K.L.:
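Below is one structure. I have some questions about it.
Every value quoted in this text rests on a predicted model; they were computed, and no experiment measured them. When reading the values below, keep in mind they use all heavy atoms of this one structure, side chains included, and skip hydrogens, waters and symmetry mates. Numbers here simply count residues along the sequence, with the first being 1.
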Amino acid sequence: AGVAIVDIGGGTTDMAVFYDGILKHTAVIPYAGVNITNDIRNGLGVLRAQAEQMKVQFGTALAEEANANAYITIPGLRGLPPKEISVKNLAHIIQARMQEILDYVVYHLKQIDLDKRLYGGIILTGGGAQLKHITQLTEFVTGLGARIGYPNEHLAGGDKESLMNPMYSTCIGLILRGYHDYENRRMRFTGEGGNYMHLPAEDMQALVADVQETAEPETSQDEMPTAEEQMETNRQKARKRNENVKRLFDGLKGKFMKMFEDVDDQEIE
């Protein structure tokens, strides 16, 4: 049906267009969340940390939906009184930059003549996709259907709810790709620290052969084990291999979860 994935990150907005089952186009748009933060900082005369917090807590991509009577109180610098910021003005600043990003999306779609033929619409993901009313603005600017892409579609159990956030899409996608490459023997992990070697298939086969030759010394005919002994040896090897793989991926999971832990920001009134 055709679909465009728009990943609105911190420094750039990445775009990938699929049509007829193949990747037709990719693009990197040099505007994203950091530009919105800088616009708020310069437009409202606040600190960068305050601008980022206002964007996350009160930001909306559609100024029409912002409450004109709502104000945000920002603590003043030393010796200065607190500053009141209109939520409506904040929304106008955010919408201006988001609309510019979406204009670039439309531009790239027109370059490949798919601006009217993506029946699957646009999937928004990344940290910028958390802005309120972002799907409505996207549909208004592009004329295509839009939805938020959550990365938990192929996850199961446990941390599923905590990871249901579009800002984790790229990271979880890379982890799933790593699992896929590992299962298809295109990646071999070394050590327990999560280091890995990514090798072509021919090199990987040669490496596996070398490891097997080193790990399994030749035995003479007189020392050949019985069928029962061989079965028990194979079971022990399989059990040990499964334990190593489980321990490795448990360690990786712990490392990635630590990356997602955020220090709680101080709330703005």
K.L.:
Are the side chains of Ile122 and Val3 in touch, meaning some heavy atoms are under 4.5 Å apart?
P.N.:
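The answer is no, as the side chains (C-beta and beyond) never meet within the 4.5 Å cut-off.
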K.L.:
What I'd like to find out is whether the side chain of Ile123 reaches to under 4.5 Å of the side chain of Arg147, using heavy atoms alone.
P.N.:
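A side-chain contact under 4.5 Å exists here.
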K.L.:
Are more than 12 heavy atoms, taken from residues, nucleotides or ligands other than Tyr19, located less than 6.0 Å from that residue's OH atom?
P.N.:
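Enclosed.
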K.L.:
Do Tyr107 and Leu109 pass the side-chain contact (heavy atoms from CB on, under 4.5 Å) test, and can you show the C-alpha distance, the side-chain angles, and the key distance before you say yes or no?
P.N.:
CA-CA 5 Å; Tyr107 168 79; Leu109 291 178; over 6 Å; no
K.L.:
Is it the case that over 12 heavy atoms from other parts of the model lie below 6.0 angstrom from the NZ atom of Lys132?
P.N.:
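No, not enclosed.
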K.L.:
Go through the steps for Asp39 and Arg97 under the test salt bridge (Lys or Arg N to Asp or Glu O under 4.0 Å), then give the verdict.
P.N.:
CA-CA 8 Å; Asp39 290 345; Arg97 180 64 73 174; 2.7 Å; yes
K.L.:
Between Asp7 and Thr13, is any side-chain donor less than 3.5 angstrom from a side-chain acceptor?
P.N.:
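No.
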K.L.:
Just wondering, do Thr26 and Val17 contact through their side chains at under 4.5 Å, heavy atoms?
P.N.:
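Of all side-chain heavy-atom pairs linking Thr26 with Val17, none is under 4.5 Å.
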K.L.:
Are the side chains of Thr12 and Asp14 in touch, meaning some heavy atoms are under 4.5 Å apart?
P.N.:
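Counting from C-beta outward, Thr12 and Asp14 do come under 4.5 Å.
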K.L.:
For Glu65 and Thr60, which I'm curious about, is there any donor-acceptor pair between the side chains at under 3.5 Å?
P.N.:
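Note: Glu65 and Thr60 side chains miss the donor-acceptor criterion.
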K.L.:
Where the side chain of Glu84 meets the backbone of Tyr71, is there a donor-acceptor pair that is under 3.5 Å apart?
P.N.:
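Not at all, since once roles are kept as given, no pair shorter than 3.5 Å links the two residues.
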K.L.:
Check the pair Val105, Met15 against side-chain contact (heavy atoms from CB on, under 4.5 Å), reporting the backbone distance first and the verdict last.
P.N.:
CA-CA 8 Å; Val105 172; Met15 178 179 173; 3.8 Å; yes
K.L.:
Could you tell me whether the side chain of Ile72 reaches within less than 4.5 Å of the side chain of Leu90, counting heavy atoms only?
P.N.:
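Yes, side chains in contact.
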K.L.:
Decide yes or no on side-chain contact (heavy atoms from CB on, under 4.5 Å) for Ile134 and Met98, but give the supporting numbers first.
P.N.:
CA-CA 8 Å; Ile134 184 68; Met98 280 305 310; 3.2 Å; yes
K.L.:
Just so I know, are the side chains of Asn67 and Lys88 near enough to count as touching, which here means a heavy-atom distance under 4.5 Å?
P.N.:
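In short, these two side chains do not touch, never coming nearer than 4.5 Å.
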